[in-house]
Enquirer: 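Can you keep this structure in mind? I'll have questions shortly.
All values reported here derive from a predicted model rather than from experimental measurement. Hydrogens, waters and symmetry mates play no part in the numbers below; they use all other heavy atoms, side chains included. Note on naming: letters A, B, ... go to the chains in the order of the sequence lines (proteins, then strands), and numbering restarts at 1 for each one.
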Amino acid sequence: MKKIMISGLIVLLIAPGLFGQELTGEEIIQKVNDQFNVDTSYAKSKMTITTSSGQKRTFISESWSKDKGEKNLVRYLEPARVKGQAVLMLNNADDIWMYFPRTQRVRKLASHAKKQKMQGSDFSYEDMGGGDAFIEEFTTKRLEDEKMERHDCYKLELTRKPDSDSSYSRLIIWVVKENFVPIVIDYYDEDDPDYHLKRLVQSNLRVIDGIPTAMKAVMHNKNDNTQTEMEILEVKFNVTLDDTMFTERELKK
Amino acid sequence: MKKGIILLVATLFTLSSLFAQKGVDIFGYYESQASGAQVQDDFWLLYSNKLRVDLKSSLSDKVTFAANFDYITYHGKTMWNILDFLPDQAVAEVPPGMEDYYVLPFSDRHFLDNAYIKLSFKYFDLTAGKQQISLGTGYVWNPTDVFNIKELFDPTYEQPGHNAVRLDVPLGTAYTFTALFSPEDNWQNSAKLAQLKGRISHFDYAITAIEKVWLFHDYTQFDPANMSFLELPEKRQLLGASTAGELLGLGVWAEYAYNWMENSDDFYELVVGTDYTFNFQTYLMIEYYRNTLGKTDYMDYKLNDWMRLMAMEQKAITRDQVYVSIQHPATDLLNVGLSAIYSISDKSTALVPTLSYSFSDNVEIFAYLNFNFGQEGKAFSKKMGNGGLIRVRVYF
């Protein structure tokens, strides 16, 4: 299954001819998809979970991505409790392996595990995967344009395809017209398309290596009244990464 | 004892300041644990404190050194007589005058658990020293793992290191060949392992061959020369296979091993498991385990069977078992669960409610209770002691 990528690594590669044209929903989502699926990338991120009682948990991780998000490796640096834990996702997160350094065990996870919260956060493994999820898993309809987070946006409704095993029945996405950044995404329950589960808001856009990048993403869980902030501390695009980086050998390093 | 702890702490601080300059990572945890069990009309309590200090250094891209040192102290009821937990039928086999030999002491200990150097070359990795060896895909039981036996009520607890030389040769990105040699007093008695591991479609596969001397004891005979029960070493040759993947949306895994024994009867072990995460975040796992070394009739459980099980020399006393576990994040920081272990062979059950709580970024609390419902003589009999455990762990 293709994954819904929430990465802040938003690439601006707008074809000049597209400006001023009336785009269909499918064309807009294709642009969004093309933009955030960078060939290769490296990022160091800080994830802060705020619980419903106001307590905070902070994680720092490094991640490497290749083949437009088809291969991903995430390794935790902090806190000490999870240091060295790593997750390898291949085939757009259809295949996931987790490595636990204290037992030196690698565990293969089935796709249902992608519904699980990543380190207890409001992001699931599915949210963090890469690839062409918007295209492969959903059909897109363009709704009436709206202003969102002070940006003029295209508003899209993505409805899950019948053969998809995505955990979301539909998504509403606000895409900034200027740079095709999906600035806000609303996620709806797998079984109830009217039940609003969570909202992602991306912000702090910066140009990194010539690429506009959302340095901050906040996922708010409406159901649990919790939120998780993902902040990019360091990011590099189009870095040289060998395929051997995405193997069990590297996972256990 | 106090002197030892002070010396250890001083050494750690000295080492940490020295190593910090040379790029050595120092980390680990401190763990305080209380466990208890109902034994007849009494409730026994055992407390332990464990300090684990890990060192890890990448001396270069090709050389990694890692080690960990464990210091454990025990308090409370530190002498447990195993016979108190066994059925009368098994106790009756104890030779007269030998009752005191069945006492399990919990003595303070400190040891180098792991210490190895890993050399990474372009085409292979070579790891030499005391290291963890984790084999198989099973969650509670691993038929192909002849080096470790997991704790039934706490199967994810870390396993001890084993002295070995290990060679891992990646064959492309999807396959790995592993050869391992775990030395004993001579070549014949040393453990040898060869494994081919790979990936086909969405499934991982491994074929494993192992030769190892399995050290049993005869718990009805005492060897005065060694001041221990009589050792019965026996060569074991194992051929096994394991897989893990996904079928119809369910996580599935299986593990099988056939064992050729030098003297006693050959036997096999089989694990089949499945798991699933529901949309409401509840996780369900079921694992079936067969071990033909286990007995089908609980009336056949002998003193040696019980003692080998307690001493973790063999994985099961009963032939067929099922492990069911359900876990749910009750809040962002609190996970609750319930595990049940059912012996299909003797129809006894143990229930294990669990709880894990994230107290802060680096502090976690884990607790479980265990209730046995079987009648005396069965694998999970009430006489085995209902009880529980609470553990607080602080990582640094």
Enquirer: Of the options A:Glu190, A:Glu137, A:Glu136, which is the one that meets A:Arg160 in a salt bridge (charged side-chain N to carboxylate O under 4.0 Å, His left out)?
Expert: A:Glu190
Enquirer: Donor-acceptor pair, B:Thr173 side chain versus A:Thr247 backbone, under 3.5 Å?
Expert: no
Enquirer: Is B:Gln132 close to chain A through its backbone or its side chain, or both, or neither, when contacts mean heavy atoms under 4.5 Å?
Expert: both
Enquirer: With a 4.0 Å cut-off, would you call A:Lys108 and A:Asp95 a salt bridge?
Expert: yes
Enquirer: Answer yes or no: is there an ion pair linking A:Arg170 with A:Glu157, defined by an N-O contact shorter than 4.0 Å?
Expert: yes
Enquirer: Between A:Glu250 and chain B, which part of the residue has a heavy atom less than 4.5 Å away: side chain, backbone, both or neither?
Expert: neither
Enquirer: Do any of residues 356-365 of chain B have a heavy atom less than 4.5 Å from a heavy atom of chain A, and if so, which, in residue order?
Expert: B:Tyr357, B:Ser358, B:Phe359, B:Ser360, B:Asp361, B:Asn362, B:Glu364
Enquirer: Taking non-hydrogen atoms and a cut-off under 4.5 angstrom, which of residues 156-169 of chain B neighbour chain A?
Expert: B:Thr156, B:Tyr157, B:Glu158, B:Arg166
Enquirer: Most heavy-atom pairs under 4.5 angstrom with chain A, which of B:Leu247, B:Leu135, B:Asn148?
Expert: B:Leu135
Enquirer: Please flag which part of A:Leu90 lies under 4.5 Å from any non-hydrogen atom of chain B: side chain, backbone, both or neither.
Expert: side chain
Enquirer: Determine yes or no for a side-chain-to-main-chain donor-acceptor pair under 3.5 angstrom, with A:Lys44 supplying the side chain and A:Val235 the backbone.
Expert: no
Enquirer: At a heavy-atom separation under 4.5 Å, does A:Gln116 approach chain B through its side chain, its backbone, both, or neither?
Expert: both
Enquirer: In terms of heavy-atom proximity below 4.5 Å to chain B, should A:Arg249 be classed as side chain, backbone, both, or neither?
Expert: side chain
Enquirer: Under 6.0 Å from the ring centre and within 45 degrees of the ring axis: does the NZ or CZ of B:Arg391 meet both conditions for the six-membered ring of B:Phe366?
Expert: no
Enquirer: Any chance CG of B:Asp61 has more than 12 other-residue heavy atoms, nucleotides or ligands included, within less than 6.0 Å?
Expert: no
Enquirer: Tell me which of these, B:Arg393, B:Lys118, B:Lys197, has more heavy-atom pairs under 4.5 Å with chain A than the rest.
Expert: B:Lys197
Enquirer: Looking only at side-chain N and O atoms, does A:Glu126 offer a donor or acceptor that is under 3.5 Å from a partner on A:Ser166?
Expert: yes
Enquirer: Counting only heavy atoms closer than 4.5 Å, note whether A:Lys56 contacts chain B via side chain, backbone, both or neither.
Expert: backbone
Enquirer: Of the backbone (N, CA, C, O) and the side chain (C-beta and beyond), which part of A:Ser52 lies under 4.5 Å from a heavy atom of chain B, both, or neither?
Expert: both
Enquirer: Could you check if a side-chain atom of A:Asp186 sits within less than 4.5 angstrom of a side-chain atom of A:Lys198, using non-hydrogen atoms only?
Expert: no
Enquirer: Relative to chain A, which of B:Thr176, B:Asp275, B:Leu250 shows the most heavy atom pairs under 4.5 Å?
Expert: B:Asp275
Enquirer: Considering only heavy atoms, which portion of A:Thr226 lies under 4.5 Å from any heavy atom of chain B: side chain, backbone, both, or neither?
Expert: side chain
Enquirer: Measuring centre to centre across the rings, with the benzene-like ring taken for any Trp, is A:Tyr168 within less than 6.0 Å of A:Tyr187?
Expert: yes
Enquirer: Examine whether an atom of B:Asp113 lies under 4.5 Å from a heavy atom of chain A, and if so say whether it belongs to the side chain, the backbone or both; otherwise answer neither.
Expert: neither
Enquirer: Please test A:Thr50 against A:Gln227 for side-chain hydrogen bond (donor to acceptor under 3.5 Å, both in side chains), starting from the C-alpha separation and ending with a verdict.
Expert: CA-CA 5 Å; A:Thr50 306; A:Gln227 75 169 38; 4.8 Å; no
Enquirer: Can you tell me which of B:Asp125, B:Thr137, B:Asn68 forms the most heavy-atom pairs within a distance under 4.5 Å of chain A?
Expert: B:Asp125
Enquirer: With only heavy atoms counted, which part of A:Asp122 is less than 4.5 Å from chain B, the side chain, the backbone, both or neither?
Expert: neither
Enquirer: Applying the side-chain hydrogen bond (donor to acceptor under 3.5 Å, both in side chains) test to B:Lys50, which of B:Tyr71, B:Tyr29, B:Tyr30 qualifies?
Expert: B:Tyr29
Enquirer: Heavy-atom count around B:Lys130 NZ within 6.0 Å, excluding the residue itself: above 12?
Expert: yes
Enquirer: Return the option, out of A:Lys83, A:Lys253, A:Arg107, A:Glu78, with the maximum number of heavy-atom pairs under 4.5 Å with chain B.
Expert: A:Arg107
Enquirer: Does A:Lys222 have more than 12 heavy atoms from other residues, nucleotides or ligands lying within 6.0 Å of its NZ?
Expert: yes
Enquirer: Would you mind checking if B:Lys150 and B:Asp145 are paired as a salt bridge, meaning a charged N to carboxylate O distance below 4.0 Å?
Expert: no
Enquirer: Kindly assign one of parallel, tilted or perpendicular to the pair B:Phe278 and B:Tyr276, based on the angle between their ring planes and the thresholds 30° and 60°.
Expert: perpendicular
Enquirer: At a heavy-atom distance under 4.5 Å, which candidate from A:Thr103, A:Val82, A:Val106 has the highest pair count against chain B?
Expert: A:Thr103
Enquirer: Answer yes or no: is there a donor N or O on one side and an acceptor on the other, between the side chain of A:Arg75 and the main chain of A:Val87, under 3.5 Å?
Expert: no
Enquirer: Distance to the ring centre below 6.0 angstrom and angle to the axis at most 45 degrees; does that hold for A:Arg199 and A:Trp174?
Expert: yes
Enquirer: Among B:Pro170, B:Pro329, B:Gly245, which has the most heavy-atom pairs under 4.5 Å with chain A?
Expert: B:Pro170
